[in-house]
Number of protein chains: 2
Amino acid sequence: MIQPEHQTTLTEKLGQSGLRATRQRELIYGLLLEQRDHPTADEVYARAKQEMPSISLATVYNCLETLVGCHLVKQVNFERQPTRFCPNLHEHAHFHDEKTGRVYDIDLDDRTLAKLRTVLPEGFEPRAVEINFRGVAAPAKKRATRSATAAR
Amino acid sequence: MIQPEHQTTLTEKLGQSGLRATRQRELIYGLLLEQRDHPTADEVYARAKQEMPSISLATVYNCLETLVGCHLVKQVNFERQPTRFCPNLHEHAHFHDEKTGRVYDIDLDDRTLAKLRTVLPEGFEPRAVEINFRGVAAPAKKRATRSATAAR
DNA sequence: TCGATATTTGGATTCATTCCAAAAACCCAC
DNA sequence: GTGGGTTTTTGGAATGAATCCAAATATCGA
Ligand SMILES: [Mn+2]
Ligand SMILES: [Mn+2]
Ligand SMILES: [Zn+2]
Ligand SMILES: [Zn+2]
């Protein structure tokens with residue numbers, strides 16, 4: 001299910017933290033890579049159960065937390081909604097379509113990122129930036145081939 | 001407590017939605033304006049009780065929701081932490097000091113905002129942007145006089 | 001002042017997430 | 001390969017911010 005290249009990445013990154021590459025962790029990481037649509041823990045749970053009916057919700061939460069901790073996955077929050085998970089490690093923004101609920105990855109070029117950092121007064125040392133757009137996205141057409149990729 | 005000018009704003013904005021300017025709403029709006037430090041509902045509740053010991057937490061939540069609905073106050077979320085409230089209506093970003101927990105308002109110039117919008121592919125119509133920095137801020141000195149204003 | 005309407009209130013409820021302690025899986029040394 | 005120390009998984013209980021509810025109050029125009 002999970003590609004050998006990612007398999008290696010997973011094992012390595014986990015190993016670096018003294019953690020094991022378990023069947024559950026592989027499954028969940030694989031699911032996130034396979035369908036890069038920013039699912040919630042519950043959605044991941046539903047998908048995981050299809051492959052491994054015995055998996056528990058607690059394990060899904062544990063695995064996701066572990067993957068985030070190893071920087072294999074990022075978490076995304078919109079307002080107070082359930083946390084979503086994203087395997088796109090590029091520095092990117094998110095667009096949340098309030099009509100459909102879909103989440104889109106938005107690439108950020110270095111130029112814009114650099115510009116953005118200039119808003120911080122001296123003494124502010126950012127370790128991360130989070131940029132979330134909220135609005136409506138026109139029905140996808142040739143969009144998937146552009147820089148933004150559809151997601152649920 | 002609340003300045004007459006803000007009093008008017010409050011009554012007007014509420015009135016536009018067919019809502020009443022109650023004692024509780026005035027108090028809470030006044031508290032947010034007075035100490036612009038992005039307090040949580042609980043913190044607002046604690047402050048409110050000092051002025052009005054009979055006020056209930058439910059009312060604080062109700063009032064905050066109403067103020068947000070009337071665009072008199074904005075809400076800010078960091079990760080999964082309790083929602084914070086901000087009376088700064090300028091389009092601005094936030095800096096969350098993960099060491100101290102303090103939240104700083106960061107002004108955004110139109111130039112940067114315009115640049116930021118260019119990252120969106122055609123068809124994406126943003127109705128709001130949310131920009132949150134997370135990191136550490138050097139101990140305040142002459143910072144308060146700059147564009148970023150300290151907050152808890 | 002009266003009555004219709006809006007608001008407040010305390011308590012119960014929700015629900016995503018975290019915690020817990022027992023069972024299972026893993027891995028290395030022997 | 002087996003045993004034993006360690007990690008991980010698991011189901012269920014607990015947490016806590018936020019929401020819901022229905023009864024009591026307050027508000028405001030007529
Ligand atoms: Mn990319
Ligand atoms: Mn300003
Ligand atoms: Zn993403
Ligand atoms: Zn603010």
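A note on names: the letters A, B, ... follow the listed sequences, proteins ahead of strands, and every chain is numbered from 1.
- Note that the CG atom of A:L10 and the CZ atom of A:R25 stand 8.5 Å from one another [nearest 0.5 Å].
- When heavy atoms are screened at a 4.0 angstrom cut-off, B:L57 is found touching no nucleic acid atom at all.
- In this structure, the ring of B:H94 has its center less than 6.0 angstrom from the ring center of B:H92.
- Regarding A:L67, its CG atom lies at a distance of 10 Å from the P atom of D:dT9, rounded to whole Å.
- Distance from the side chain of A:R80 is smallest for D:dA18 among the nucleotides C:dT8, C:dT7, D:dA18.
- With B:R134 as reference, B:E98 is the one residue of B:H96, B:E98, B:E79 to meet the side-chain hydrogen bond (donor to acceptor under 3.5 Å, both in side chains) rule.
- Between the C1' atom of D:dT19 and the CD atom of A:E79 lies a distance of 16 Å, rounded to the nearest Å.
- Distance CG (B:N62) to P (C:dG10): 12 Å, rounded to an integer number of Å.
- The residue A:T22 sits close only to the backbone: its heavy atoms come under 4.0 Å of sugar-phosphate atoms, none of a base.
- Within the 4.0 angstrom heavy-atom criterion, only backbone atoms of the sugar-phosphate kind lie near A:T83; the bases stay farther away.
- Between the CG atom of A:L64 and the P atom of C:dA16 there is a distance of 15 Å, given to the nearest Å.
- Taking only distance into account, the side chain of A:R20 never meets the base of D:dT8 through a donor-acceptor pair shorter than 3.5 Å.
- To the nearest angstrom, P of C:dA24 lies 17 Å from CD1 of A:I55.
- Listed candidates were C:dG10, D:dA17, D:dT10. Nearest to the side chain of B:S56 is C:dG10.
- The aromatic rings of A:Y104 and A:F95 lie perpendicular to each other, with more than 60° between the two planes, well past the 30° mark.
- Within 4.0 Å (heavy atoms only), A:Q24 reaches sugar-phosphate atoms of the nucleic acid but no base atom.
- Residue B:T66 is the one, among B:T66 and A:Y61, whose nearest nucleotide of DNA chain C lies closer to the 5' end (criterion: closest heavy atom).
- Remark: P of C:dT7 and CD1 of B:I28 are 13 Å apart, rounded to the nearest angstrom.
- Taking for each of B:A21 and B:A58 the nucleotide of DNA chain D with the nearest heavy atom, the 5'-most of the two is the partner of B:A58.
- Within the 3.5 Å criterion, the main-chain N or O of B:L108 finds no donor-acceptor partner in the side chain of B:T112.
- When heavy atoms are screened at a 4.0 angstrom cut-off, A:R23 is found touching no nucleic acid atom at all.
- Rounded to whole Å, the distance from CG on B:L14 to C1' on D:dT27 is 13 Å.
- Rounded to a whole Å, the CD atom of B:E65 is 17 Å from the P atom of D:dA17.
- Using a 4.0 Å heavy-atom criterion, one finds that B:S54 contacts the sugar-phosphate atoms exclusively.
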